[in-house]
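As structure tokens, the structure follows; a few thoughts come after it.
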Amino acid sequence: MKYEAVIGLEVHAQLLTETKIFCGCSTKFGSEPNTQTCPICIGMPGVLPVLNKKALEFVIKTGLAMNCRISPYSRFARKNYFYPDLPKGYQISQYELPICEHGFIEIIVNGEMKKIGITRIHIEEDAGKNIHEGTGNYSFVDLNRTGVPLMEIVSEPDIRSPQEASEYMKKLRAILRYLGVCDGNMEQGSLRCDANVSIRPEGQKEYGTRTEVKNINSFKFVEKALEYEIKRQIKVLEEGGKVIQETRLWDSTKGITESMRGKEEAHDYRYFPEPDLVPMIVERKWIDEIKSSLPELPDVKRERFVSEYGLPEYDADLLTDEKPLADWYEEATASYSLSVSGPKIISNWVKGELTRLLNEESKTIEECPLRPEQLADMLRLIDKGTISGKIAKIVFEEMYKTGKDAEEIVKEKGLIQITDESAIEKAVDEVISKNPKEVARFKAGEEKLMGFFVGQVMKLTKGKANPQMVNELLKKKLS
Amino acid sequence: MELYRLTITEVRDLLERKEVSARDVVNSVYQRIDAVEDKIKAFVTITRDEAMKMADEVQKRITLEKIQGTISILGIPLAIKDNLCTKGIRTTCSSKILYNFVPPYESTATSRLIEQGYVLIGKTNMDEFAMGSSTENSGFFTTKNPWDLERIPGGSSGGSAAASAADECIAAIGSDTGGSIRQPAALCGVVGLKPTYGRVSRFGLVAFASSLDQIGPITKNVRDSAILMNIISSHDPLDSTSASVPLPDFTAVLGRDIKGIRIGIPREYFIEGMDKEVEVSVKKAIKKLESLGAIPVEVSLPHTGYAVATYYVLATSEASSNLARYDGVKYGFRAGGKDLMDMYMNTRAQGFGPEVKRRIMLGTYALSSGYYEAYYKKAQQVRTLIKRDFEEVFKEVDVIVTPTSPTAAFKIGEKTADPLQMYLSDIFTISVNLAGVPGISIPCGFTSNNLPIGLQLIGRHFDEESILKVAYAYEQSTEWHKRRPDL
């Protein structure tokens, strides 16, 4: 039987506010344990939460970017459970009346656009961290993260494959990063993803029993974890068993999901409206203000890159994935406006050499030592015939490594292209005279040896000879 | 002179005229504490050394500054209920689970008192986490009623009320979730005011039921309550539920005529089972108000009968969540255990007393999936109806008059075996918290065994002025508030 997967994702995103959601403590990552705490975030008796308005603004921003309805009236709720990293014994979250509802985002799968519904986006506080390793017989608690604002983005069960889930996560991350509301770092835990997964025979309308997969802590595991879980469920059904409703943990080292707790052990969180905080009244005027301050989002930018720069969809998609990369690209294109093919040439350099060099050092585009104008300047040297395209790769890498301008590098390293016909002719003659056997074979019809001759000439001229002139001269002399 | 017997106004006059020093007043209060505290047991912590320091500091201010009009309490010794956080001074809520807790912060209400130069005498005993009506639920000891040492002082602010009545302080601060200021004030023969919800910041008040808790004064007369209200009321950025409303001078209305003021007498508050002597005293008080020009109007608050049940669902639900933080992990008492769950269970089993546990269990149950709709949600709906009852009645009248408590102080141990009986001692005060309106209790007579009886005046939202005005007019025309227990 063929099965279809039904997947809904619950994403937790840490908001990039300077301070925590209900107190003035810093949200900085990686400080000494318990140095970013105060009586409020560690839940001392008698203290009260006060909402950080910036966090609310970030959630509204996200809601608008994901086409949600922003509730004019929403409220906080307490989610009650005991755990040492939860100092109050409850998490301030939302239950009924979340801030955002009924949205969607668009993804492209196999060249086709698909809408994934957003059920709700709500705001809540993060918990701290329990530390069990290297602490002897005790466990310790670090409450620095307690009270860092989180937003929970819940999708509709519209996702049908691990690949779609992965595309959804990529798009969601891109939007969050474009908005500047979350850094989207799954490895550091600032973006977390839980998946509700079920399968059903193709064509069946009713949903199957779902499991919740937790601890998918890296982008590369989104697909892997889901693929595993879908296969596991299929196997269970095909062996005549039943999928049990349960929470499962993804183990990335074993590459499997394992049962964590069943339905019976599920917590009763005893949600009730948070009496320490008044309901959030969001005025239309404020929503409009936030709306007008939204940046151009990935989808719109991608379409503009296609229409404005004439780029293929594939290039536009890659370049608009990260806003800083798109910005870098646009700056380079703006300072190199010589030819109509300019935007595509620059796209090739950015996707190719630049990305390769950045990846080698695992640097992000924000850490790129090269300025966009430097690429434009170098391209102009090619246009003027000062350097060849081949030499340009060497120049580019040198620019990246030293920060020097192309012209300076070309001069220093003597990389100026040889366009003097007599000099090239001399080299061609030398190659012909040194390789009589190959010449004979070429003349006998082995035309693919042309490449060999070009290579030899380039080697002799240290790659500086104008390739077109080399080709022409060789053809003339060998015919 | 027995300075400890005086009121805020009287002490202030003496300080202002430099007839006494702040230290004299503090010393006098401590002499009184030394003499009677063994009998009363009003205090959990006595802060003698801090008080002396505070007194010397304010003395400098008294010498330097001219005392500023009506709001000053420079050098006035006050007792503070032990659920208001005081920086550097142990705050226990009369619970074993917080027996060693020293807050690194000050509650907003006491911060404002500090700014105005008060002197902290000590932290007063209470029912554990303010859950109770007698102080018998204190994790440490029971406070005695100064009028009869075999009787309870009321609760949960029993320590503050007893300390005021026994002159172990000039005045006190308490908190009121379902009657915890007004009922002990009534039973100890002093004045107690629960302000409108949102009038006084709750920051630093250890939460029992967040949507009901309010801090308020317990004083020897009405004027002192007005003076303290002027200081503790505020819109506080640290408390989202504190209201941004204009702050009147609460003393300005004192002494104004109450002629023509309409006082509502709710028929649901004069019920079977109410003590005859209480009923007679309250009815006499109403006659007295009438003689002063007030117009009595019979009114109805039809949902009164549901108030106690509604309260015990909502208050316990909130409490079950508010008290979850006492888990032995971060501060306070921790019992050992073989693992985390064991440590949680031992800590809470040994740290909380039986009434607190009872309420945590009730609240946990009421919020549980499958019961939430029937209990918590339904109670919220009834709360709205109770609120509306008051809104309707306040269209007709300015102030509502009721007994504060159905009986005078009962014997220690009399009701401990029957929690429901104990809950009913707040039957007349609970609705006021559910509706969020202000209420004051003032002395209105004595039983034949010389036990005080309290009269409750209830006002509109943010209209403490009307109840203070009526209370003051009544007080000035009677002598009840001048009586002191024989100790």
Side-chain angles (χ1 to χ4, degrees), chain A residues 22-24 34 37-53 75-93 95-96 128 130 132 137-143 146 263 266-281, chain B residues 83-85 91-93 95 97-98 101 103-105 107-108 129 198 201-207 209-213 236-242 314 317-318 320-332 340-341 343-344 348 363-372 376-377 380:
Chain A
F22 298 124
C23 66
N34 298 309
T37 57
C38 72
I40 295 170
C41 57
I42 66 177
M44 283 204 163
V47 299
L48 295 169
V50 175
L51 177 63
N52 177 347
K53 211 178 166 193
R75 68 176 315 157
F76 286 102
R78 289 188 186 175
K79 179 179 180 177
N80 296 285
Y81 64 96
F82 284 94
Y83 208 54
D85 69 5
L86 189 72
K88 296 191 295 294
Y90 57 84
Q91 178 195 30
I92 303 180
S93 178
Y95 191 57
E96 292 167 328
N130 293 344
H132 306 294
N137 286 331
Y138 292 90
S139 287
F140 288 90
V141 186
D142 177 6
L143 298 177
T146 310
K263 192 183 169 188
H267 294 294
D268 179 356
Y269 291 119
R270 309 190 313 276
Y271 284 99
F272 75 104
E274 165 58 279
D276 284 334
L277 287 162
V278 290
M280 287 176 277
I281 312 281
Chain B
N83 59 352
L84 275 91
C85 288
T91 300
T92 68
C93 291
S95 179
I97 215 155
L98 285 176
F101 179 67
Y105 46 93
S107 82
T108 298
F129 285 103
S201 166
R202 292 185 296 115
F203 184 84
L205 169 68
V206 180
S210 313
S211 74
L212 301 158
D213 296 340
D236 182 6
L238 296 177
D239 176 3
S240 312
T241 65
S242 74
L314 295 180
S317 293
E318 291 181 17
S320 72
S321 174
N322 282 333
L323 271 63
R325 67 189 63 196
Y326 310 112
D327 57 6
V329 173
K330 307 157 296 273
Y331 47 75
L340 178 67
M341 187 54 78
M343 187 280 282
Y344 278 158
R348 290 168 69 85
T364 303
Y365 182 77
L367 289 175
S368 296
S369 140
Y371 299 96
Y372 179 86
Y376 183 84
K377 201 156 189 190
Q380 282 291 18

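Letters A, B, ... are given to chains in the order of the sequence lines, protein chains preceding strands, and every chain is numbered from 1. Just the heavy atoms: all of them, side chains too, but no hydrogens, waters or symmetry mates, feed the values below.
- Ranked by heavy-atom pairs shorter than 4.5 Å toward chain B, the options A:Leu86, A:Asp276, A:Asn80 are led by A:Asp276.
- Between A:Tyr269 and A:Tyr81, the ring-plane angle classifies as perpendicular under the 30° and 60° cut-offs.
- The greatest number of non-hydrogen atom pairs below 4.5 Å with chain A, out of B:Thr91, B:Asp327, B:Asn322, is found for B:Asn322.
- At a 4.5 Å heavy-atom cutoff, B:Asn83 makes no contact with chain A through either its backbone or its side chain.
- Distance alone, capped at 3.5 Å, places no donor-acceptor pair between the B:Lys330 side chain and the A:Ile42 backbone.
- Looking at B:Leu340, only its side chain comes within 4.5 Å of chain A, counting heavy atoms on both sides.
- Side chain of B:Ser242 to backbone of B:Asp236: a donor-acceptor contact under 3.5 angstrom is found.
- Of the listed residues B:Pro237, B:Gly204, B:Ser321, the one with more heavy-atom pairs under 4.5 angstrom with chain A than any other is B:Ser321.
- Contacts with chain B were tallied for A:Gly46, A:Pro84, A:Pro273, A:Gly89; A:Gly46 has the most, counting heavy-atom pairs under 4.5 Å.
- The only member of A:Phe22, A:Tyr90, A:Tyr95 that meets ring pair (Phe, Tyr, Trp, His ring centres under 6.0 Å) when paired with A:Phe76 is A:Phe22.
- Contacts of B:Leu98 with chain A are made by side-chain atoms alone, with heavy-atom separations under 4.5 Å and no backbone atom involved.
- Across all their heavy atoms, A:Leu143 and A:Thr37 have their closest contact at O-CG2, 3.6 Å.
- For B:Tyr371, no part lies near chain A; criterion is any non-hydrogen pair under 4.5 Å.
- Looking at A:Asp268, its side chain does come within 3.5 Å of a backbone N or O of B:Ser369 through a donor-acceptor pair.
- Among A:Pro45, A:Pro275, A:Pro49, the residue making the largest number of heavy-atom pairs under 4.5 Å with chain B is A:Pro45.
- Contacts between B:Ser201 and chain A at a heavy-atom distance below 4.5 Å are absent for every atom of the residue.
- Of the listed residues B:Arg348, B:Lys377, B:Gln380, B:Met341, the one with more heavy-atom pairs under 4.5 angstrom with chain A than any other is B:Arg348.
- Taking the six-membered ring where the residue is Trp, A:Phe272 and B:Tyr376 present perpendicular rings, their angle passing 60° and hence far from 30°.
- Taking the six-membered ring where the residue is Trp, B:Phe101 and B:Tyr331 present tilted rings, their angle falling between 30° and 60°.
- Using a 4.5 Å cut-off between heavy atoms, B:Tyr105 touches chain A through its side chain atoms alone.
- Closest heavy-atom contact between B:Pro104 and A:Met44: CD-SD, 3.6 Å.
- Top candidate by heavy-atom pairs under 4.5 Å with chain A, chosen from B:Leu238, B:Leu212, B:Leu323, is B:Leu238.
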